[in-house]
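For reference, the structure is listed below as structure tokens.
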Amino acid sequence: MHYACMRSIASFVPQQCVPNSEFEKTLDTSDEWITKRTGIKMRYFALDSEGSSDLGVKAARLAIQRANLELSDIDLVICATLSPDFMAMPSNACLISAKLGIKDTPAFDITAACTGFVYLLAVAKSFVESGTYRNVLIVGAEKVSNVLNFKDRGTCVLFGDGAGAAVISRTKERTESILDVHISADGQYGDLLMTPQKKLEDPASGKLQMKGNEVFKHAVRTLIADVHYILSRNNINAKDIDFFIPHQANLRIISAVGEQLDLREDQIILTVQKYGNTSAASIPMAIDEAYQAGKLQKGNLMLLDAFGGGFTWGSALVYFGGD
């Protein structure tokens with residue numbers, strides 16, 4: 001029997017750093033206000049000439065290299081994004097494949113907003129464990145700045161751009177596998193966090209809209225229930241988790257979930273203060289942050305947890321299988 005394994009992790013952040021103080025120039029806000037309510041101190045925005053697929057390519061190339069694979073070894077490419085280069089086609093996955101030089105290989109996008117990376121894990125795990133593919137490249141790539149209304153202080157200060165990628169491969173070792181993934185959704189709340197269709201007569205349309213207080217309440221309640229569910233389903237105690245790596249949306253949400261699980265500070269990986277909410281890229285970026293810092297080691301057990309527009313949500317128990 002073979003399992004699915006996270007064989008590598010990588011990320012890419014664009015060069016343009018935007019501290020909270022930049023928003024003080026155009027909005028009725030302050031560094032203190034943003035930090036107190038979100039924990040965010042800065043974020044990075046891509047250049048006008050960069051698309052989310054360009055960010056994804058940088059992360060993907062490094063992920064393949066760290067997995068000690070060649071481009072020809074990749075059997076499938078999947079990208080999660082809410083900010084693709086094109087509205088419908090070609091998909092970001094196709095663009096990333098072409099820019100990498102991967103040919104004659106299936107590629108497609110998924111749309112699950114901030115839960116995108118957990119959804120990617122679920123899809124890749126199924127393909128690998130069914131025997132359909134050996135090596136699946138998954139990419140969370142976002143240029144959220146493209147869909148922000150910079151006159152709306154309730155949303156534009158929250159998000160940043162970036163990309164994260166991983167290679168999911170076969171393994172015979174249970175202790176380096178993606179142990180379990182749980183994903184779900186409830187579309188009745190879709191209007192609380194959305195990007196409406198753009199209208200030619202309205203330049204402000206097509207931008208991200210969020211009813212923040214309501215989203216916050218749903219997120220905390222849903223995430224706490226979901227992590228309890230996946231831990232109990234696998235008979236694992238929170239104290240046995242090496243790292244809790246949640247979607248990096250808001251420090252208050254992360255803290256609330258951490259308190260409910262009675263997690264130690266050293267178990268929780270935080271990057272929201274540095275990058276803001278990078279949607280589908282946030283979890284792989286946070287995993288890579290721990291990896292590059294030398295914290296994340298092969299065999300460590302990660303608890304991943306995310307909530308996003310749709311509403312979508314999901315959690316995963318993942319042994320890290322990289323070197």
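In what follows, residues are counted from 1 in the order of the sequence shown. Given the structure is predicted, the values throughout are model-derived calculations rather than measurements.
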- Side-chain H-bond candidate by donor/acceptor type, S83 with N146, under 3.5 Å: no

- Query: Around atom CG of D240, are there more than 12 heavy atoms of other residues, nucleotides or ligands at under 6.0 Å?
  - Reply: yes

- Message: Taking Y229's backbone N and O only, do any of them form a donor-acceptor pair with S232's side chain (distance below 3.5 Å, no angle check)?
- Response: yes

- Can you name the nearest heavy-atom pair linking C5 to G321, along with the distance? SG-CA, 3.6 Å

- Spacing of CG belonging to D242 relative to CG belonging to D266, to within rounding of 0.5 Å: 10.0 Å

- Supply the atom-to-atom distance D180 CG to R233 CZ, rounded to the nearest 0.5 angstrom. 4.0 Å

- Message: If you define the side chain from C-beta out and look only at heavy atoms, does anything of H228 sit under 4.5 Å from L223?
- Response: no

- Task: Please report the C-alpha distance between N68 and R7 in whole Å, then the side-chain angles of each, then the deciding distance to 0.1 Å, and finally whether the side chain to side chain donor-acceptor pair (under 3.5 Å) criterion is met.
- Result: CA-CA 9 Å; N68 297 311; R7 188 62 69 193; over 6 Å; no

- Within one Ile-Leu-Val-Met-Phe-Trp-Tyr cluster: F45 and V144, side-chain cutoff 4.5 Å: yes

- Near Q188 CD, under 6.0 Å, is it more than 12 heavy atoms from other residues, nucleotides or ligands? yes

- Query: Do the non-hydrogen side-chain atoms of S255 and I268 ever get within less than 4.5 Å of each other?
  - Reply: no

- Query: Where the side chain of T115 meets the backbone of T312, is there a donor-acceptor pair that is under 3.5 Å apart?
  - Reply: yes

- Query: Short question: side chain of S11, backbone of G164 - any donor-acceptor pair under 3.5 Å?
  - Reply: no

- Spatial distance of atom OH (Y3) from atom OG1 (T171) [nearest 0.5 Å]: 9.5 Å

- Which distance, rounded to the nearest 0.5 Å, do you find between the OH of Y44 and the CG of L55? 13.5 Å

- Check: W313 and I183 side chains under 4.5 Å, non-hydrogen atoms: no

- Are a donor atom and an acceptor atom from the side chains of H247 and S282 found within less than 3.5 Å of each other? yes

- Between I168 and N135, is any pair of side-chain heavy atoms under 4.5 Å apart? no

- Item | Any side-chain heavy-atom pair of L82 and V147 under 4.5 Å | yes

- Do you know which two heavy atoms are closest between L137 and V167, and how far apart they sit? CD1-CG2, 4.2 Å

- Query: So, does Q248 use its side chain to make a donor-acceptor pair with the main chain of I283 at under 3.5 Å?
  - Reply: no

- Message: Could you check whether any side-chain heavy atom of I40 comes within less than 4.5 Å of a side-chain heavy atom of Q273, counting everything from C-beta outward?
- Response: no

- Message: Whether the K99 and S53 side chains hold a donor-acceptor pair (N or O, under 3.5 Å, no angle test) is what I'd like checked.
- Response: yes

- Task: Find out whether the Lys NZ or Arg CZ of R153 is both under 6.0 angstrom from the six-membered ring centre of F23 and within 45° of the ring's axis.
- Result: no

- Query: Are side-chain N/O atoms of S145 and D161 paired as donor and acceptor at under 3.5 Å?
  - Reply: yes

- Does some side-chain heavy atom of K239 sit less than 4.5 Å from a side-chain heavy atom of D262? no

- Which heavy atom of L317 sits nearest a heavy atom of L303, and at what distance? CD2-CD1, 3.9 Å

- Is there a donor in the side chain of D226 and an acceptor in the side chain of S315, or the other way round, less than 3.5 Å apart? yes

- Could you tell me whether the side chain of D54 and the main chain of G51 form a donor-acceptor pair under 3.5 Å? yes

- Message: Atom CG of residue position N213 - does it have more than 12 heavy atoms of other residues, nucleotides or ligands inside 6.0 Å?
- Response: no

- Side chains of T271 and E289: donor-acceptor distance under 3.5 Å anywhere? no

- Query: Where the side chain of Q15 meets the backbone of A46, is there a donor-acceptor pair that is under 3.5 Å apart?
  - Reply: no

- Item | Residue pair I110, F108: steps toward the side-chain contact (heavy atoms from CB on, under 4.5 Å) verdict | CA-CA 7 Å; I110 65 169; F108 60 89; 4.0 Å; yes

- Is there a side-chain contact between F311 and V215 (heavy atoms, below 4.5 Å)? yes

- Message: For a side-chain contact (heavy atoms from CB on, under 4.5 Å) check, start with the C-alpha distance between V257 and F244, then their side-chain angles and the critical distance, and finish with the verdict.
- Response: CA-CA 10 Å; V257 179; F244 174 52; 3.7 Å; yes

- Approximate separation, where rounding is to 0.5 Å, of I287 CD1 and L296 CG: 7.5 Å

- Considering all heavy atoms of both residues, which atom of A113 and which atom of A280 are nearest to each other, and what is their separation? O-CB, 3.7 Å

- Task: Measure from the side-chain N and O atoms of D288 to the backbone N and O of M285, and report whether any donor-acceptor pair falls under 3.5 Å.
- Result: no

- Query: For Q267 and L261, what are the C-alpha separation, side-chain angles and deciding distance, and is it a side-chain contact (heavy atoms from CB on, under 4.5 Å)?
  - Reply: CA-CA 11 Å; Q267 288 177 285; L261 294 175; over 6 Å; no

- Item | ILVMFWY network linking L301 to I230, side-chain heavy atoms under 4.5 angstrom | yes

- Task: Would you check if the distance from the ring center of F320 to the ring center of Y291 is below 6.0 Å?
- Result: yes

- Donor + acceptor pair across side chains of D109, N92 (<3.5 Å): no

- Message: If you apply the rule side-chain contact (heavy atoms from CB on, under 4.5 Å), what do you find for I241 with M302, and how did you get there?
- Response: CA-CA 6 Å; I241 298 297; M302 301 177 286; 6.0 Å; no

- Item | Test item: K125 side-chain N/O and I178 main-chain N/O as donor-acceptor pair under 3.5 Å | yes

- Message: Please give me the minimum heavy-atom distance between P196 and Q209, naming the atom from each residue.
- Response: CG-NE2, 3.4 Å

- Looking at S52 and P84, what are the two nearest heavy atoms and their distance? OG-CA, 3.7 Å

- Message: Would you compute the distance between atom CZ of R170 and atom CZ of R134 and round it to the nearest 0.5 angstrom?
- Response: 4.0 Å

- Under 3.5 Å: donor-acceptor pair, side chain of R43, backbone of V18: yes

- Item | Under 3.5 Å side-chain donor-acceptor pair for T38 and N250 | no

- Is the closest side-chain donor-acceptor distance between E142 and T278 under 3.5 Å? no

- Taking atom NZ of K295 as the centre, does the number of heavy atoms from other residues, nucleotides or ligands within less than 6.0 Å exceed 12? no

- Task: Could you tell me whether E50 and K143 have a side-chain N and a carboxylate O separated by less than 4.0 Å?
- Result: no

